[in-house]
Amino acid sequence: MWRLVQSTGTLELNSPYFYLLWATEFGDTSLIAEEDGQAVGLVVGFHPPGQPDAAFVWQVGVLPSHRGRGLGLRMLQAWKSLPANAGCRWVTATVADDNHASQALFHSLARVGGVNCETQPHFTADQFPVDHPAEPLLRVGPFSREKADPV
Ligand SMILES: CC(C)(COP(=O)(O)OP(=O)(O)OC[C@H]1O[C@@H](n2cnc3c(N)ncnc32)[C@H](O)[C@@H]1OP(=O)(O)O)[C@@H](O)C(=O)NCCC(=O)NCCS
């Protein structure tokens, strides 16, 4: 996961320990896409405490060589159908205003699911201790609850 996030070139890289801890404790709500045994994409997600009907996408990334072929959308759809996420009615994420690819990805998820994608203010630039754009919250839904598929 660490190498993959590093290879995306744009995602904020957390420590190797972070990803080890994350895979151990939040593996049920995360996903890695592989092609010929090589990791080519990932979704790092969790359930926000206090919002049992929401699944939050912390990081979603696809290797530059594999972008623009629908993999990001397929990953999000598969991630949303994971047993741990199937009961969720909302997919949420924060996406910077200048991240057009990510915005397009979540709008595609909404479009193919026949639901809305709403944006609301969330983390503002002044809340970051370093130079960082605002991260508005995207809410995609409401989805119907899915029957969890065994994976
Ligand atoms: C965001 C990202 C995961 C999208 O993955 P992808 O596999 O290229 O996405 P898809 O091919 O499934 O495309 C999904 C939609 O986004 C659109 N899209 C993809 N890249 C785009 C770009 N650079 N600019 C505008 N729209 C874009 C596609 O046209 C498609 O829209 P459509 O359904 O209307 O045709 C990928 O660009 C990436 O890894 N970016 C770097 C990491 C990042 O910024 N992650 C998000 C922040 S957590």
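For this chain, numbers begin at 1 and follow the sequence in order. Values below: every heavy atom of this structure, side chains too, minus hydrogens, waters and symmetry copies. Each ligand, and each atom within it, is numbered from 1 in the order the structure gives.
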Show your reasoning for whether ring-ring contact (aromatic ring centres under 6.0 Å, His included) applies to Phe18 and Trp58.
CA-CA 13 Å; Phe18 169 92; Trp58 185 330; 5.2 Å; yes
For residues 27-55, pull every pair meeting side-chain hydrogen bond (donor to acceptor under 3.5 Å, both in side chains), keeping only residues two or more places apart or in separate chains.
Trp22-Ser30, Glu35-His66, His47-Asn85
In one Ile/Leu/Val/Met/Phe/Trp/Tyr side-chain cluster, 4.5 Å: Val112, Met75:
yes
Determine which pairs satisfy side-chain hydrogen bond (donor to acceptor under 3.5 Å, both in side chains) with at least one residue from residues 95-104, sequence neighbours left out, and list them in order.
none
Who passes side chain to side chain contact (heavy atoms under 4.5 Å, CB included) against Phe128, sequence neighbours left out?
Phe123, His132, Glu135
Would you call Leu71 and Val40 a side-chain contact if the rule is heavy atoms closer than 4.5 Å?
yes
Near ligand 1, which protein residues have a heavy atom under 4.0 Å away?
Thr10, Leu11, Trp58, Gln59, Val60, Gly61, Val62, Arg67, Gly68, Arg69, Gly70, Leu71, Gly72, Leu73, Asn99, Ala101, Ser102, Ala104, Leu105, Ser108, Arg111
